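Heads up: the structure comes next, in C-alpha coordinates.
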Amino acid sequence: MQTRFTGSFTQQEPIDDDAIAAALAVLRTGRLHRYNLADGEAGETALLEQDFAAMTGARYCLAVASGGYAMATVLRAHGVAAGDRVLTNAFTLAPVPGAIAAAGAVPVYVEVTDQLVIDLDDLAAKIASSGARRLLLSHMRGHIADMEALMAICDAAGVAVIEDCAHTMGAAWNGVASGRHGLAACFSTQTYKHINSGEGGLIITDDADLMARTIILSGSYMLYDRHLAAPPPETFARIRLETPNCSGRMDNLRAAILRPQLRLLADRVEGWNRRYRWVEDGLRNIPGLVLIERPGAEAFVGSSIQFRLPDFGKPAMLAVQEACARRGVELKWFGADQPVGFTSRHDSWQYAPPQDMPQSDLVLAGLLDMRLPLTFSEDDCRLIAAIIADEVIAAGQRNPTKETP
Ligand SMILES: *Cc1c(COP(=O)(O)O)cnc(C)c1O
(Lines give C-alpha, C1' and ligand atoms only; values in the text may rest on other atoms or scores of the structure.)
Protein backbone atom coordinates (compact mmCIF):
# COMPACT_ATOMS: atom_id res chain seq x y z
CA MET A 1 0.00 0.00 0.00
CA GLN A 2 1.14 3.53 -0.71
CA THR A 3 2.24 5.66 2.22
CA ARG A 4 -0.05 8.51 3.11
CA PHE A 5 0.46 11.67 5.16
CA THR A 6 -2.34 12.39 7.61
CA GLY A 7 -1.22 15.68 9.21
CA SER A 8 -2.67 19.15 8.59
CA PHE A 9 -0.93 21.79 6.47
CA THR A 10 -2.90 24.56 8.15
CA GLN A 11 -2.40 23.62 11.80
CA GLN A 12 -0.12 26.09 13.55
CA GLU A 13 1.33 25.65 17.01
CA PRO A 14 -0.90 26.48 19.98
CA ILE A 15 -0.46 29.87 21.65
CA ASP A 16 2.04 29.30 24.44
CA ASP A 17 1.26 29.68 28.13
CA ASP A 18 3.08 33.01 28.55
CA ALA A 19 0.98 34.55 25.82
CA ILE A 20 -2.23 33.08 27.21
CA ALA A 21 -1.36 34.50 30.65
CA ALA A 22 -0.67 37.93 29.12
CA ALA A 23 -4.00 37.81 27.28
CA LEU A 24 -5.86 36.89 30.45
CA ALA A 25 -4.19 39.76 32.30
CA VAL A 26 -5.50 42.21 29.68
CA LEU A 27 -8.96 40.66 29.76
CA ARG A 28 -9.10 41.03 33.54
CA THR A 29 -8.53 44.82 33.23
CA GLY A 30 -11.16 45.28 30.54
CA ARG A 31 -8.80 47.79 28.90
CA LEU A 32 -8.59 46.25 25.45
CA HIS A 33 -8.49 49.49 23.45
CA ARG A 34 -4.89 50.58 22.98
CA TYR A 35 -5.48 54.07 24.33
CA ASN A 36 -7.51 52.90 27.34
CA LEU A 37 -4.73 52.99 29.92
CA ALA A 38 -4.54 53.26 33.69
CA ASP A 39 -2.26 55.88 35.25
CA GLY A 40 1.35 55.05 34.49
CA GLU A 41 0.40 52.10 32.27
CA ALA A 42 2.17 51.83 28.88
CA GLY A 43 -0.24 49.30 27.35
CA GLU A 44 0.57 46.11 25.47
CA THR A 45 0.19 47.72 22.02
CA ALA A 46 2.69 50.50 22.70
CA LEU A 47 5.06 47.97 24.26
CA LEU A 48 4.75 45.69 21.24
CA GLU A 49 5.70 48.61 18.99
CA GLN A 50 8.69 49.36 21.19
CA ASP A 51 9.76 45.68 21.17
CA PHE A 52 9.43 45.33 17.40
CA ALA A 53 11.30 48.57 16.71
CA ALA A 54 14.12 47.34 18.94
CA MET A 55 14.16 43.92 17.29
CA THR A 56 14.38 45.29 13.75
CA GLY A 57 16.50 48.34 14.61
CA ALA A 58 13.86 50.69 13.19
CA ARG A 59 13.35 54.10 14.74
CA TYR A 60 9.54 53.93 14.62
CA CYS A 61 6.88 51.22 14.70
CA LEU A 62 3.09 51.15 14.52
CA ALA A 63 0.88 48.13 15.15
CA VAL A 64 -2.32 47.95 13.07
CA ALA A 65 -5.29 45.75 12.21
CA SER A 66 -3.77 43.67 9.39
CA GLY A 67 -0.87 43.37 6.98
CA GLY A 68 -3.06 44.57 4.14
CA TYR A 69 -4.13 47.61 6.15
CA ALA A 70 -0.46 48.32 6.93
CA MET A 71 0.45 48.42 3.22
CA ALA A 72 -2.50 50.58 2.16
CA THR A 73 -1.85 52.96 5.04
CA VAL A 74 1.84 53.41 4.25
CA LEU A 75 0.95 54.11 0.61
CA ARG A 76 -1.58 56.74 1.70
CA ALA A 77 0.82 58.23 4.22
CA HIS A 78 3.37 58.53 1.43
CA GLY A 79 0.93 60.66 -0.52
CA VAL A 80 -0.42 58.20 -3.09
CA ALA A 81 -3.19 59.97 -4.97
CA ALA A 82 -6.08 58.49 -6.94
CA GLY A 83 -4.86 56.96 -10.18
CA ASP A 84 -1.17 56.93 -9.22
CA ARG A 85 0.72 53.91 -10.42
CA VAL A 86 2.45 51.67 -7.92
CA LEU A 87 4.90 48.98 -8.99
CA THR A 88 4.68 45.52 -7.46
CA ASN A 89 5.69 41.91 -8.14
CA ALA A 90 3.57 39.98 -10.65
CA PHE A 91 3.83 37.00 -8.26
CA THR A 92 2.49 37.94 -4.86
CA LEU A 93 -0.60 37.44 -2.73
CA ALA A 94 -3.94 39.19 -3.27
CA PRO A 95 -3.62 41.66 -0.33
CA VAL A 96 -0.67 43.34 -2.08
CA PRO A 97 -2.44 44.59 -5.24
CA GLY A 98 -5.49 44.94 -2.96
CA ALA A 99 -3.62 47.45 -0.80
CA ILE A 100 -2.66 49.43 -3.92
CA ALA A 101 -6.31 49.47 -4.98
CA ALA A 102 -7.41 50.43 -1.44
CA ALA A 103 -5.18 53.51 -1.70
CA GLY A 104 -6.93 54.41 -4.97
CA ALA A 105 -3.84 53.58 -7.02
CA VAL A 106 -3.22 51.25 -9.96
CA PRO A 107 -0.88 48.25 -9.75
CA VAL A 108 1.86 48.01 -12.39
CA TYR A 109 3.27 44.49 -12.30
CA VAL A 110 6.94 43.68 -12.59
CA GLU A 111 8.05 40.25 -13.84
CA VAL A 112 9.50 37.72 -11.43
CA THR A 113 12.45 35.44 -12.15
CA ASP A 114 12.57 31.66 -11.88
CA GLN A 115 14.12 32.29 -8.44
CA LEU A 116 10.74 33.86 -7.52
CA VAL A 117 12.12 37.35 -6.91
CA ILE A 118 11.35 40.58 -8.74
CA ASP A 119 13.20 40.84 -12.06
CA LEU A 120 15.54 43.83 -11.76
CA ASP A 121 15.79 44.43 -15.51
CA ASP A 122 12.02 44.52 -15.84
CA LEU A 123 11.87 46.73 -12.73
CA ALA A 124 14.14 49.30 -14.39
CA ALA A 125 12.10 49.07 -17.61
CA LYS A 126 8.75 49.45 -15.79
CA ILE A 127 10.02 52.40 -13.75
CA ALA A 128 10.89 54.12 -17.01
CA SER A 129 7.70 53.20 -18.87
CA SER A 130 5.17 53.72 -16.06
CA GLY A 131 6.54 56.82 -14.39
CA ALA A 132 5.61 55.19 -11.05
CA ARG A 133 7.30 56.71 -8.01
CA ARG A 134 6.69 53.84 -5.58
CA LEU A 135 7.46 50.13 -5.43
CA LEU A 136 5.48 47.90 -3.08
CA LEU A 137 8.09 45.14 -3.03
CA SER A 138 6.75 41.74 -2.02
CA HIS A 139 9.25 39.29 -0.55
CA MET A 140 6.81 36.64 -1.69
CA ARG A 141 7.21 33.27 0.03
CA GLY A 142 10.30 34.64 1.73
CA HIS A 143 12.45 35.00 -1.39
CA ILE A 144 14.58 38.14 -1.15
CA ALA A 145 15.93 39.89 -4.25
CA ASP A 146 19.46 41.32 -4.40
CA MET A 147 18.60 44.26 -2.19
CA GLU A 148 21.72 46.33 -2.87
CA ALA A 149 21.08 46.17 -6.62
CA LEU A 150 17.36 46.80 -6.18
CA MET A 151 17.89 49.82 -3.93
CA ALA A 152 20.49 51.23 -6.33
CA ILE A 153 17.96 51.09 -9.19
CA CYS A 154 15.17 52.62 -7.12
CA ASP A 155 17.31 55.29 -5.46
CA ALA A 156 18.72 56.40 -8.81
CA ALA A 157 15.19 56.74 -10.21
CA GLY A 158 13.73 58.39 -7.09
CA VAL A 159 11.38 55.44 -6.47
CA ALA A 160 10.36 54.88 -2.84
CA VAL A 161 10.51 51.24 -1.75
CA ILE A 162 7.88 49.92 0.65
CA GLU A 163 8.61 46.34 1.64
CA ASP A 164 5.94 43.68 2.10
CA CYS A 165 7.59 41.46 4.72
CA ALA A 166 4.63 39.16 5.40
CA HIS A 167 6.91 36.16 4.72
CA THR A 168 10.23 37.62 5.90
CA MET A 169 9.69 38.50 9.54
CA GLY A 170 12.94 37.22 11.10
CA ALA A 171 14.80 37.07 7.76
CA ALA A 172 17.77 39.18 6.62
CA TRP A 173 19.73 40.10 3.50
CA ASN A 174 23.49 40.48 3.94
CA GLY A 175 23.00 40.83 7.68
CA VAL A 176 20.39 43.60 7.37
CA ALA A 177 16.96 42.67 8.74
CA SER A 178 14.32 42.28 6.04
CA GLY A 179 12.28 45.47 6.03
CA ARG A 180 15.26 47.71 6.72
CA HIS A 181 16.34 48.40 3.13
CA GLY A 182 13.42 50.47 1.91
CA LEU A 183 11.63 53.55 3.21
CA ALA A 184 9.16 51.50 5.25
CA ALA A 185 8.11 47.88 5.74
CA CYS A 186 4.87 46.09 6.51
CA PHE A 187 4.48 42.81 8.39
CA SER A 188 1.48 40.60 9.07
CA THR A 189 0.66 38.80 12.32
CA GLN A 190 -2.15 36.83 10.75
CA THR A 191 -2.36 33.15 11.77
CA TYR A 192 -0.42 31.79 8.77
CA LYS A 193 2.57 34.14 9.18
CA HIS A 194 5.50 34.03 11.61
CA ILE A 195 3.77 35.26 14.75
CA ASN A 196 0.08 34.68 15.30
CA SER A 197 -2.61 36.98 16.66
CA GLY A 198 -5.34 35.86 14.26
CA GLU A 199 -5.14 39.21 12.47
CA GLY A 200 -2.71 42.08 12.78
CA GLY A 201 0.03 44.10 11.12
CA LEU A 202 3.18 46.03 11.96
CA ILE A 203 4.76 49.00 10.16
CA ILE A 204 8.37 50.11 10.63
CA THR A 205 10.24 53.12 9.24
CA ASP A 206 12.92 55.64 10.16
CA ASP A 207 10.96 58.46 8.49
CA ALA A 208 9.34 60.66 11.15
CA ASP A 209 6.79 62.35 8.86
CA LEU A 210 5.70 59.09 7.29
CA MET A 211 5.24 57.47 10.70
CA ALA A 212 3.31 60.45 12.05
CA ARG A 213 0.94 60.22 9.08
CA THR A 214 0.45 56.44 9.48
CA ILE A 215 -0.32 56.93 13.17
CA ILE A 216 -2.97 59.57 12.47
CA LEU A 217 -4.39 57.48 9.61
CA SER A 218 -4.63 54.41 11.88
CA GLY A 219 -7.01 56.30 14.17
CA SER A 220 -4.99 57.76 17.02
CA TYR A 221 -7.64 60.23 18.22
CA MET A 222 -4.74 62.65 18.76
CA LEU A 223 -3.43 60.39 21.52
CA TYR A 224 -0.12 59.83 19.78
CA ASP A 225 1.75 60.92 22.92
CA ARG A 226 0.81 57.49 24.34
CA HIS A 227 3.04 55.76 21.77
CA LEU A 228 6.52 54.54 22.68
CA ALA A 229 7.96 54.08 19.17
CA ALA A 230 6.62 57.26 17.55
CA PRO A 231 8.29 60.51 16.47
CA PRO A 232 8.24 63.49 18.88
CA PRO A 233 4.95 65.42 19.25
CA GLU A 234 6.19 68.39 17.18
CA THR A 235 6.26 66.12 14.10
CA PHE A 236 2.48 65.88 14.37
CA ALA A 237 1.86 69.64 14.56
CA ARG A 238 0.70 70.09 10.95
CA ILE A 239 0.15 66.45 10.01
CA ARG A 240 -2.49 65.85 12.71
CA LEU A 241 -5.04 68.15 11.11
CA GLU A 242 -4.44 67.38 7.45
CA THR A 243 -4.54 63.59 7.79
CA PRO A 244 -7.82 61.64 7.94
CA ASN A 245 -8.64 58.99 10.54
CA CYS A 246 -9.12 55.65 8.78
CA SER A 247 -9.39 53.42 11.83
CA GLY A 248 -7.31 50.26 11.76
CA ARG A 249 -5.72 50.03 15.19
CA MET A 250 -4.20 47.04 16.92
CA ASP A 251 -5.71 46.25 20.34
CA ASN A 252 -4.08 45.30 23.63
CA LEU A 253 -5.35 41.73 23.58
CA ARG A 254 -3.65 40.87 20.31
CA ALA A 255 -0.53 42.81 21.27
CA ALA A 256 -0.36 40.86 24.53
CA ILE A 257 -0.21 37.51 22.75
CA LEU A 258 2.29 38.80 20.18
CA ARG A 259 4.94 40.09 22.59
CA PRO A 260 5.88 36.68 24.03
CA GLN A 261 5.89 35.26 20.50
CA LEU A 262 8.42 37.86 19.36
CA ARG A 263 10.80 36.49 21.98
CA LEU A 264 10.37 33.00 20.48
CA LEU A 265 10.84 34.12 16.88
CA ALA A 266 14.53 33.26 16.52
CA ASP A 267 13.89 29.69 17.77
CA ARG A 268 10.92 29.34 15.48
CA VAL A 269 12.97 30.45 12.51
CA GLU A 270 15.45 27.68 13.25
CA GLY A 271 12.57 25.23 13.51
CA TRP A 272 11.21 26.27 10.12
CA ASN A 273 14.59 26.08 8.49
CA ARG A 274 15.25 22.56 9.79
CA ARG A 275 11.93 21.47 8.28
CA TYR A 276 12.74 23.26 5.05
CA ARG A 277 16.07 21.41 4.76
CA TRP A 278 14.49 18.02 5.54
CA VAL A 279 11.98 18.46 2.73
CA GLU A 280 14.56 19.96 0.40
CA ASP A 281 16.93 17.01 1.02
CA GLY A 282 14.19 14.61 -0.04
CA LEU A 283 13.52 16.55 -3.26
CA ARG A 284 17.10 16.67 -4.51
CA ASN A 285 18.12 14.79 -7.66
CA ILE A 286 14.62 14.08 -8.88
CA PRO A 287 14.42 14.23 -12.68
CA GLY A 288 12.49 17.29 -13.82
CA LEU A 289 12.25 18.84 -10.35
CA VAL A 290 14.11 22.12 -9.85
CA LEU A 291 14.65 23.50 -6.36
CA ILE A 292 14.96 27.23 -5.71
CA GLU A 293 18.59 27.83 -4.71
CA ARG A 294 18.86 30.15 -1.73
CA PRO A 295 21.58 32.81 -2.12
CA GLY A 296 24.27 32.98 0.56
CA ALA A 297 23.32 36.60 1.36
CA GLU A 298 19.77 35.53 2.21
CA ALA A 299 19.00 34.48 5.80
CA PHE A 300 15.54 33.16 5.03
CA VAL A 301 12.64 31.76 7.02
CA GLY A 302 11.58 28.41 5.56
CA SER A 303 7.94 28.58 6.61
CA SER A 304 7.03 27.33 3.14
CA ILE A 305 8.87 25.67 0.29
CA GLN A 306 8.53 26.04 -3.49
CA PHE A 307 9.84 23.94 -6.33
CA ARG A 308 9.47 23.95 -10.09
CA LEU A 309 8.60 21.33 -12.68
CA PRO A 310 9.43 23.57 -15.64
CA ASP A 311 8.95 20.94 -18.38
CA PHE A 312 5.81 19.24 -17.12
CA GLY A 313 3.00 21.16 -18.79
CA LYS A 314 -0.46 21.73 -17.32
CA PRO A 315 -1.90 18.16 -17.39
CA ALA A 316 1.17 16.72 -15.66
CA MET A 317 1.23 19.55 -13.08
CA LEU A 318 -2.38 18.82 -12.27
CA ALA A 319 -1.64 15.09 -12.10
CA VAL A 320 1.17 15.64 -9.57
CA GLN A 321 -0.98 17.94 -7.49
CA GLU A 322 -3.92 15.50 -7.48
CA ALA A 323 -1.79 12.42 -6.79
CA CYS A 324 -0.08 14.17 -3.88
CA ALA A 325 -3.45 15.35 -2.54
CA ARG A 326 -4.74 11.75 -2.59
CA ARG A 327 -1.80 10.87 -0.37
CA GLY A 328 -2.46 13.76 2.03
CA VAL A 329 0.11 16.22 0.67
CA GLU A 330 -1.39 19.62 -0.07
CA LEU A 331 0.49 21.41 -2.84
CA LYS A 332 -0.62 24.77 -4.16
CA TRP A 333 -0.27 25.35 -7.87
CA PHE A 334 -0.16 28.95 -9.08
CA GLY A 335 -0.62 27.89 -12.71
CA ALA A 336 -4.22 26.66 -12.59
CA ASP A 337 -6.79 28.43 -14.77
CA GLN A 338 -8.85 29.54 -11.78
CA PRO A 339 -7.57 30.63 -8.36
CA VAL A 340 -8.03 28.06 -5.60
CA GLY A 341 -7.76 29.46 -2.07
CA PHE A 342 -4.82 31.86 -2.06
CA THR A 343 -3.45 31.02 -5.52
CA SER A 344 -4.92 34.01 -7.32
CA ARG A 345 -2.46 35.80 -9.59
CA HIS A 346 -2.20 38.94 -11.67
CA ASP A 347 -4.81 37.88 -14.23
CA SER A 348 -7.28 37.12 -11.39
CA TRP A 349 -7.13 40.75 -10.20
CA GLN A 350 -9.47 42.14 -12.81
CA TYR A 351 -10.03 45.46 -11.04
CA ALA A 352 -6.57 46.36 -12.36
CA PRO A 353 -5.77 46.84 -16.05
CA PRO A 354 -4.68 43.56 -17.68
CA GLN A 355 -0.93 43.32 -18.23
CA ASP A 356 1.14 40.87 -20.23
CA MET A 357 3.52 39.03 -17.90
CA PRO A 358 4.86 36.20 -20.07
CA GLN A 359 7.93 35.43 -17.97
CA SER A 360 6.01 35.29 -14.69
CA ASP A 361 3.26 33.20 -16.28
CA LEU A 362 5.81 30.67 -17.44
CA VAL A 363 7.37 30.46 -13.98
CA LEU A 364 3.99 30.14 -12.25
CA ALA A 365 2.79 27.47 -14.71
CA GLY A 366 5.49 25.16 -13.36
CA LEU A 367 5.50 26.25 -9.71
CA LEU A 368 4.32 24.23 -6.71
CA ASP A 369 4.15 25.63 -3.21
CA MET A 370 3.74 24.02 0.19
CA ARG A 371 3.41 25.28 3.74
CA LEU A 372 5.67 23.89 6.45
CA PRO A 373 3.93 24.45 9.78
CA LEU A 374 5.99 23.92 12.92
CA THR A 375 3.58 21.18 13.95
CA PHE A 376 5.30 18.89 11.37
CA SER A 377 7.91 16.48 12.78
CA GLU A 378 11.09 15.40 11.01
CA ASP A 379 9.39 12.13 10.06
CA ASP A 380 6.45 14.10 8.65
CA CYS A 381 8.80 16.22 6.52
CA ARG A 382 10.70 13.23 5.20
CA LEU A 383 7.47 11.37 4.42
CA ILE A 384 6.01 14.38 2.61
CA ALA A 385 9.17 14.74 0.51
CA ALA A 386 9.13 11.01 -0.33
CA ILE A 387 5.49 11.22 -1.47
CA ILE A 388 6.22 14.24 -3.68
CA ALA A 389 9.32 12.53 -5.09
CA ASP A 390 7.31 9.36 -5.93
CA GLU A 391 4.55 11.29 -7.66
CA VAL A 392 6.87 13.60 -9.60
CA ILE A 393 8.84 10.59 -10.84
CA ALA A 394 5.64 8.73 -11.76
CA ALA A 395 4.17 11.72 -13.61
CA GLY A 396 7.49 12.30 -15.35
CA GLN A 397 7.48 8.72 -16.61
CA ARG A 398 3.94 9.04 -17.93
CA ASN A 399 4.81 12.30 -19.69
CA PRO A 400 8.36 11.89 -20.94
CA THR A 401 8.13 14.67 -23.52
CA LYS A 402 7.67 18.33 -22.86
CA GLU A 403 4.16 19.54 -23.41
CA THR A 404 3.17 23.02 -24.34
CA PRO A 405 1.99 24.80 -21.20
C1 LIG B 1 -0.55 37.51 4.20
C2 LIG B 1 0.12 38.43 3.31
C3 LIG B 1 0.02 39.81 3.44
C4 LIG B 1 -0.83 40.52 4.48
O5 LIG B 1 -1.94 39.85 4.80
P6 LIG B 1 -3.07 40.17 5.87
O7 LIG B 1 -3.91 38.95 5.78
O8 LIG B 1 -3.74 41.41 5.40
O9 LIG B 1 -2.41 40.37 7.21
C10 LIG B 1 0.75 40.60 2.60
N11 LIG B 1 1.55 40.07 1.67
C12 LIG B 1 1.68 38.75 1.50
C13 LIG B 1 2.61 38.24 0.45
C14 LIG B 1 0.97 37.89 2.31
O15 LIG B 1 1.09 36.57 2.14
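For the numbers below, each heavy atom of this structure counts, side chains included, while hydrogens, waters and symmetry mates do not. Remember, predicted model here, so these are calculated numbers, not experimental data. Remember, it's 1-based here, ligands and their atoms both numbered in the order they're listed.
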Which of the numbered atoms in ligand 1 are below 4.0 angstrom from a heavy atom of [X]?
| X | result |
| --- | --- |
| H167 | 13 (C), 14 (C), 15 (O) |
| D164 | 10 (C), 11 (N), 12 (C), 13 (C) |
| S188 | 4 (C), 5 (O), 6 (P), 9 (O) |
| A166 | 2 (C), 3 (C), 10 (C), 11 (N), 12 (C), 14 (C) |

Could you tell me which residues satisfy side-chain contact (heavy atoms from CB on, under 4.5 Å) with D51, sequence neighbours excluded, listed by chain and number?
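D51 satisfies side-chain contact (heavy atoms from CB on, under 4.5 Å) with R259, L262 once adjacent residues are dropped.
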Of all residues at least two apart in sequence or in a different chain, which pass the side-chain contact (heavy atoms from CB on, under 4.5 Å) check with R226?
Y35, L37, L223
Salt-bridge contact [X]-[Y] (side-chain N to carboxylate O under 4.0 Å):
| X | Y | result |
| --- | --- | --- |
| R249 | D251 | no |
| E242 | R213 | yes |
| E49 | R34 | yes |

Check T189 against ligand 1 and report side chain, backbone, both or neither, counting heavy atoms closer than 4.0 Å.
neither
Has ligand 1 got any nitrogen or oxygen that is less than 3.5 angstrom from a nitrogen or oxygen of [X]?
| X | result |
| --- | --- |
| Q190 | yes |
| G68 | yes |
| V96 | no |

Is ligand 1 less than 4.0 angstrom away from at least one heavy atom of R141?
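So R141 does not count as touching ligand 1.
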Does P95 have a non-hydrogen atom less than 4.0 Å from ligand 1?
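Contact check P95 vs ligand 1: positive.
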Just going by heavy-atom distances, which of K193, E199, M71 is nearest to atom 14 (C) of ligand 1?
K193
Y192 six-ring centre to R371 NZ/CZ under 6.0 Å and within 45° of normal:
yes
Evaluate F300 against Y276 for ring pair (Phe, Tyr, Trp, His ring centres under 6.0 Å), listing each step before the verdict.
CA-CA 10 Å; F300 65 96; Y276 186 96; 4.8 Å; yes
Counting the benzene-type ring for Trp, do F5 and F376 have ring centres under 6.0 Å apart?
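Judged by ring-centre distance (under 6.0 Å), F5 and F376 do meet the cut-off.
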